Amino acid sequence: MSLTREFLKDLGVEGDSLEKIMAEVGKEHTNDAKVAELQSQVDSLKSSNEDLTSQVSARDDQLDELSKQAVNSKELSTKIDELKQANQESNATYEAKIATINKNNKIDLALRDAGARNPKAVRALLDESKVSIDGDNLIGLADQLKSLEDSDSYLFQSKDDKPNQGIHATAGGNPSGAPYTGKKSLAEMSLSEQTELYNSDPEEFARLSGQK
């Protein structure tokens, strides 16, 4: 039961005693209100702290996820770069191989047209590092063959002995000894034609290049 003024008067408390008692009761009510207010502030701060903790935790999770994605992205990017590099190296190796075969076959064809009695022996005397290809033409070979014809004519057939260069098939087959197929030799093909044959018919390409 609350100590009200009426209740105290009914008890016979009057005058200064009543006022002192009511003053103390007022102080108590004020303290209770302050305690309640402080408790409310504490509860509010506690709730805010829990919200902040939850937000920090959520952000930490997001940062961890972003870190994982960054690592995965870097690994993926590195893998893609490695694959690109490997693909470039593979293409370069393939193009170099095609270019070498093309050069070798054009030299063989040039030696045949020059009437070399033993193409391998003549090739051994050539400095092929000075021979290059410009489109379908050999650069740096004609002068070397002319020099060999002048110095070692026995390596070459005379003009009268040379066969008709327009005929590539003989009774024994084509000049390389492989069965005649009716197709051009690799030396007679352009680089693009050789590439197309390599992609469309690898076995025929290998046969013409002497790899099979």
Side-chain angles (χ1 to χ4, degrees), residues 73-212:
S73 177
K74 183 177 180 180
E75 290 177 352
L76 180 60
S77 178
T78 300
K79 186 62 176 179
I80 290 174
D81 290 341
E82 290 175 352
L83 290 174
K84 286 182 177 179
Q85 180 64 27
N87 187 53
Q88 291 176 353
E89 292 175 356
S90 177
N91 286 340
T93 299
Y94 166 76
E95 291 175 359
K97 181 178 180 181
I98 291 293
T100 298
I101 292 174
N102 185 40
K103 178 180 177 180
N104 288 337
N105 282 281
K106 286 188 178 300
I107 290 175
D108 286 341
L109 183 61
L111 292 177
R112 184 203 65 186
D113 292 343
R117 296 180 183 277
N118 188 326
K120 289 185 178 181
V122 175
R123 286 195 67 163
L125 300 175
L126 297 174
D127 184 355
E128 294 186 15
S129 66
K130 296 181 179 179
V131 179
S132 60
I133 294 179
D134 182 12
D136 290 333
N137 301 317
L138 282 172
I139 308 299
L141 180 64
D143 291 343
Q144 293 190 60
L145 290 179
K146 180 64 169 61
S147 177
L148 286 175
E149 286 179 345
D150 292 342
S151 62
D152 302 282
S153 60
Y154 64 90
L155 293 172
F156 301 89
Q157 299 176 13
S158 66
K159 292 182 179 180
D160 294 334
D161 294 335
K162 291 180 182 179
N164 187 339
Q165 301 302 328
I167 301 176
H168 301 306
T170 65
N174 64 20
S176 65
Y180 178 66
T181 63
K183 298 180 180 179
K184 291 190 290 187
S185 67
L186 287 183
E188 296 171 311
M189 296 180 187
S190 65
L191 182 58
S192 61
E193 288 175 328
Q194 291 182 20
T195 301
E196 182 179 356
L197 177 62
Y198 181 87
N199 292 326
S200 63
D201 193 348
E203 291 188 1
E204 178 66 8
F205 181 88
R207 189 188 68 77
L208 291 176
S209 62
Q211 299 177 7
K212 186 175 180 180

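Given the structure is predicted, the values throughout are model-derived calculations rather than measurements. Positions are given from 1, in the same order as the sequence printed here.
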Exercise. How far does CG of Asn118 sit from CZ of Arg123, to the nearest 0.5 angstrom?
Worked result: 12.0 Å
Exercise. What distance do Leu125 atom CG and Ser147 atom OG have between them, rounded to the nearest 0.5 Å?
Worked result: 10.0 Å
Seminar exercise, completed: Here the gap from Gln88 atom CD to Gln85 atom CD, rounded to the nearest 0.5 Å, amounts to 5.5 Å
For this session: Taking the side chain as every heavy atom from C-beta outward, state whether Gln144 and Leu148 have any atom pair closer than 4.5 Å.
Result: no
Exercise. Between Thr78 (side chain) and Lys74 (backbone), is there a donor-acceptor pair under 3.5 Å?
Worked result: yes
Seminar exercise, completed: Note: Pro119 and Ala116 closest approach over all heavy atoms is CD-O, 4.0 Å
Exercise. Between Val122 and Asp152, is any pair of side-chain heavy atoms under 4.5 Å apart?
Worked result: no
For this session: Could you tell me whether the side chain of Asn102 and the main chain of Ile98 form a donor-acceptor pair under 3.5 Å?
Result: no
Exercise. Out of curiosity, Ile80 CD1 to Asn87 CG, how far, rounded to the nearest 0.5 Å?
Worked result: 13.0 Å
Exercise. Would a distance-only check, ignoring hydrogens and angles, find a side-chain to backbone donor-acceptor pair under 3.5 Å from Lys146 to Leu141?
Worked result: no
For this session: Report yes or no: does Thr93 contribute a side-chain atom to a donor-acceptor pair with the main-chain N or O of Glu89 at less than 3.5 Å?
Result: yes
For this session: Supply the atom-to-atom distance Lys106 NZ to Leu138 CG, rounded to the nearest 0.5 angstrom.
Result: 6.5 Å
Exercise. Quick check: does any side chain N or O of Lys130 sit under 3.5 Å from a backbone N or O of Ile139, one acting as donor and the other as acceptor?
Worked result: no
Exercise. Any side-chain heavy-atom pair from Glu203 and Asp201 closer than 4.5 angstrom?
Worked result: yes
